[in-house]
Amino acid sequence: MKIVKIEQFFPLQRVRLVKITTDNGIEGWGETTLEGKPRSVHGAVEELAEYLIGKDPLRIEHHWQHIYRSAFFRGGNVLMTALSGLDQALWDIAGKHHDVPVHQLLGGAVRDRIRVYAHWGIGNLTDEAKAAARDRLDSLIAQGGYKAFKSGPGGKWRAHEPPAVIDEFVERAYLMREWVGPDTELAFDFHGKMTPAMAIEVCHELKGMRPMFVEEPVPQENVDALKQVSDHVTFPIATGERLLTRWDFREIFEKQAVAYIQPDTSHAGGITELKKIANMAEVYYMHIMPHCAIGPVAFSASLHVDATVPNFLIQEQIDQGLGHGLLTNAWQVNEGHIELPTGPGLGFEVDESALSDEQKYREELGGEYYYDTDGSVADW
Ligand SMILES: [Mg+2]
């Protein structure tokens, strides 16, 4: 079996897909969405296609090693996102070739269903926003019986903020707890936009409503700063959506900088690397909660690793079972869980008729740039 064609698709905002076709007609799908770098990833996939065409698609580890190591310079998020999507597509082909779900090729499932969390929060404290949040909560519970939700403080945060800013966020968090009760998990993503001191102060105010975790309290580059936050906070801290490969996670593990990690199967190195990162984390009693805020192929790839990793806690899910309208057979969420995929490969088929609406690079061109009131760049 040989790879004969590699194509790319841009059907939706924040959804870029890659399809690998073999000489015997098997098609494998992967996802290469990377916020802010659409042209770069497209170019990287085209470059890597020159290597992959004519190769045996079943030598997944060998191709991973070639793409990661053979260019002498290691790749950053552009190369790793391209590699991740191609890796997912190769696993999809392998599963279809052997007529089994990918999780069977990864060692077999260690659980019967995958626990997921949805995005939900109270945007602000106006009556209108609270009513909308209440409706959204009721709808999510009715749709999928979710028992875990994530939101965030929103907006821009300077190195320090006055009590009113902190209190507004804290009040929203406590109101969320009041609404969902004590048997539902609530988590908050700080989006890496606080300083360690600010994050510790805010976490101290949050602790009474018992969060499941706070995600990326500080930017991702400095592991010691992250550990400083963890050391001063009594509930779990998480990070990982912007970390690439085992080598980025190594320092997190060795310094025990967080409680949980959130590698993304479309950035960290695909299914191959996500499984290895999870296995490394097991040694440190860290659970994985794979990040996935993009499209349905990345999500389905995550499910197969989640199925096979003992130290899995929960999977991020944003589409509520619709597969973004791009799949012929999307998953269902029941009691906050998704059943294991049973079809060959990734187990979910892309509806190619839904790919004709080409969005090109729309999602990356502005609207996501933040400046502070003094005109300086702010993290968002
Ligand atoms: Mg995040």
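The first residue of the sequence shown is numbered 1, and numbering continues consecutively from there.
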Working to the nearest 0.5 Å, report the span between [atom1] of [X] and [atom2] of [Y].
| X | Y | atom1 | atom2 | answer |
| --- | --- | --- | --- | --- |
| Asp351 | Asn329 | CG | CG | 10.0 Å |
| Ile288 | Phe249 | CD1 | CZ | 9.5 Å |
| Leu90 | Ile3 | CG | CD1 | 5.0 Å |
| Thr32 | His42 | OG1 | NE2 | 8.5 Å |
| Leu58 | His63 | CG | NE2 | 8.0 Å |
| Asn77 | Leu243 | CG | CG | 11.5 Å |

Shortest non-hydrogen contact from Ser230 toward Ile237: OG-CB, 3.4 Å
Heavy-atom pair with the smallest gap, counting every atom of Ala82 and Leu48: CB-CD1, 3.9 Å
Do [X] and [Y] meet the criterion of a side-chain donor-acceptor pair at a distance under 3.5 Å?
| X | Y | answer |
| --- | --- | --- |
| Thr33 | Glu31 | yes |
| Thr184 | Trp179 | no |
| His119 | Glu316 | yes |
| Glu61 | Gln65 | yes |
| Thr308 | His103 | no |
| Gln143 | Ser139 | yes |
| Trp331 | Asp319 | yes |

Side-chain touch [X]/[Y], heavy atoms, less than 4.5 angstrom:
| X | Y | value |
| --- | --- | --- |
| Gln8 | Arg16 | no |
| Phe213 | Phe188 | no |
| Glu7 | Val18 | no |
| Gln256 | Met286 | yes |
| Met176 | Trp120 | yes |
| Asp112 | Leu340 | no |
| Tyr174 | Leu186 | no |
| Lys5 | Ile20 | no |

Between [X] and [Y], does any side-chain N to carboxylate O distance fall below 4.0 Å?
| X | Y | value |
| --- | --- | --- |
| Lys227 | Glu254 | no |
| Asp372 | Lys156 | no |
| Glu216 | Arg242 | yes |

Identified side-chain contact (heavy atoms from CB on, under 4.5 Å) counterpart of Cys292 within the set Gln317, Gln262, Glu241, Gln315: Gln315
Criterion ring-ring contact (aromatic ring centres under 6.0 Å, His included) on Trp247 and Tyr68, from CA distance to verdict: CA-CA 12 Å; Trp247 290 276; Tyr68 185 73; 5.4 Å; yes
Distance under 6.0 Å and angle within 45° of ring axis: Lys255 vs Phe253: no
Leu303 reachable from Val110 in the ILVMFWY side-chain graph, under 4.5 Å edges: no
Mutual orientation of the aromatic rings belonging to Phe9 and Trp29 [parallel < 30°, tilted 30-60°, perpendicular > 60°]: tilted
Sidechain-backbone polar pair: Ser300 side chain, Val297 backbone, donor-acceptor under 3.5 Å: yes
Main-chain N/O of Arg158 paired to Glu161 side chain as donor or acceptor, under 3.5 Å: yes
By side chain to side chain contact (heavy atoms under 4.5 Å, CB included) - contacts of Ala148 (at least two apart): Tyr117, Glu185, Ile314
